[in-house]
There are 2 protein chains.
Amino acid sequence: MDKRILNNYFHSLFPIEKEIVQNITKTFKHFQLDKNTILLAKNKISTKTYFLEHGYMRSYILNEDNEEITTNIYTAPCFVNDFLSFFKQQPTKETYQTLSDCSFLETSLENVQTNFHNLPEFREFSRLLFVINYSKLNDRMIEMVSQKAKTRYLNLLKQNPHVFQNVSLKIIASYLGVTDSSLSRIRKNVSKM
Amino acid sequence: MDKRILNNYFHSLFPIEKEIVQNITKTFKHFQLDKNTILLAKNKISTKTYFLEHGYMRSYILNEDNEEITTNIYTAPCFVNDFLSFFKQQPTKETYQTLSDCSFLETSLENVQTNFHNLPEFREFSRLLFVINYSKLNDRMIEMVSQKAKTRYLNLLKQNPHVFQNVSLKIIASYLGVTDSSLSRIRKNVSKM
DNA sequence: ATCAGCACTTGACAAATGACAAGAAATTAC
DNA sequence: GTAATTTCTTGTCATTTGTCAAGTGCTGAT
């Protein structure tokens, strides 16, 4: 099976030898999911690390009014991993759902552990992945507390314009922390400038 | 020097042998800072991992209007680490400042790397620290987008009441993502219930 | 002891966003 | 192809939060 996208992802983050990457990625297995399918449901324990090769996904929670709050939007290629559930083997708080037809590669916790403890390069890679994810989340948090909705919308539009062709505005609205009617008004306001 | 608090912190997170913890913590060095001192300034490259043994700290950024936005409040005992700056050796976006007299333990990137690659238990510990920090940040982000200011205030009051005795309301307000006048009104409203 | 500055509160008003409802447009199911 | 469902927009009004300015009281420097 073709693992070029996954292999390239390793090389893009970090100088690492081709053979080592192939050694790491050989345990990853391909699979596909249709649009609007649950990859990992709330309260389940995550047993895999997923690499999203093609497509769009999101994670979401239900608030006290049973409304879905989108906590993250994933654009391929990227890793999709519920860190807390996967590494501490405890139930997820979030549900992970495809937003388009998606193709994935997955590997087990056992394989991750073997590589983590045996391959110094994989250790460095996984730590770097944590650092990058943490930093992205921190940036988003800062944006949420210090910018208004219109700025957050414009930033997303600039950084990830393709999301708007692939993800419904309702989902994008909750990701931006506003209602769908507010987002609609913001878009109207932006378009006439 | 007494490293009981640091050693206990390791044991509290994770089942790990006493000798291994002592081996890890032996490279940590004590130091102290007065209230309102900069531990790590914006645009500097972090060279140390810090463990806050006693006291309160915060990290903050300046927004476009040159107002300080508190991005995190640290309550001892805990690790204080700018992951991106420390592990990627790039300039920080945030400034780290003490909010009370503080005592710290610090160790260098070289020591962290040695332990990370030589001690399986330390690898597991550092990954767990990442997982916990990521998860906390994610919870806070969800709270920010889905709860209103009053709820966020009440949650902080419940989870960390001591912060209110040690950190000014102005700083807590910006941490909660509201202005200090709003927080003042929220407190007034809460107190008369 | 005094003065300057800071933290906190409060008032009046403005701006941003939410809640709800209705209708148009797009998508999906059969 | 048609009906049902969902998405998106828009209107009205309420609520939340911000902005600005003033006033009080505390604290720290000299």
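Every chain is numbered from 1 and lettered A, B, ... according to where its sequence line falls, protein lines coming before strand lines.
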Would you indicate which nucleotide in D:dC8, D:dT19, C:dA7 comes nearest to any side-chain atom of B:T179?
-> D:dT19

State plainly whether the residues A:E68 and A:R58 are in salt-bridge range, i.e. N to O under 4.0 Å.
-> yes

Taking 4.0 angstrom as the limit, do B:E143 and B:K148 come out as a salt bridge?
-> no

Would you kindly give the NZ-to-C1' distance between B:K148 and C:dA16, to the nearest whole Å?
-> 14 Å

Could you check how far CG of A:D180 sits from P of C:dA19, rounded to whole Å?
-> 10 Å

What about A:R185: does its side chain form a donor-acceptor pair under 3.5 Å with the base of D:dG11?
-> yes

Rounded to the nearest Å, what distance is computed from the CG atom of residue A:N189 to the P atom of nucleotide C:dA15?
-> 14 Å

Whole-Å distance between D:dT7 P and A:F164 CZ?
-> 17 Å

When the distance from CD of A:E67 to P of C:dG18 is rounded to whole Å, what number comes out?
-> 11 Å

Of B:I171 and A:L183, the one whose closest DNA chain C nucleotide lies more 5' = B:I171

Using only side-chain N and O atoms of B:K35, determine if any of them is under 4.0 Å from OP1 or OP2 of D:dG28.
-> no

Using atom NZ of A:K170 as one end and atom P of C:dG18 as the other, report the distance to the nearest whole Å.
-> 14 Å

Ring centroid separation A:F10 to A:F125 under 6.0 Å = yes

Mutual orientation of the aromatic rings belonging to B:Y50 and B:F104 [parallel < 30°, tilted 30-60°, perpendicular > 60°] = perpendicular

Out of C:dG11, C:dC8, D:dT9, which has the shortest distance to the side chain of B:K188?
-> C:dG11

Whole-Å distance separating the CG atom of B:L176 from the P atom of D:dT17 | 11 Å

On DNA chain D, check which nucleotide each of A:S182 and B:Q147 is closest to and give me the residue with the more 5' one.
-> A:S182

A:L169 has a side chain; which of D:dT9, C:dG11, C:dG18 sits nearest to it?
-> D:dT9

For A:S168 and B:I186, take the nucleotide of DNA chain D holding the closest heavy atom to each; which residue's nucleotide lies nearer the 5' end?
-> A:S168

Within this structure, what is the CG-to-P distance between B:L154 and D:dT16, rounded to whole angstrom?
-> 13 Å

Test the B:R127-B:F130 pair against the cation-pi criterion, namely NZ or CZ under 6.0 angstrom from the six-membered ring centroid and within 45° of the ring axis.
-> no

5′-ward residue of the pair A:S181/A:R152 relative to DNA chain C | A:R152

Picking from D:dG18, D:dT9, C:dA7, which would you name as closest to the side chain of A:S184?
-> D:dT9

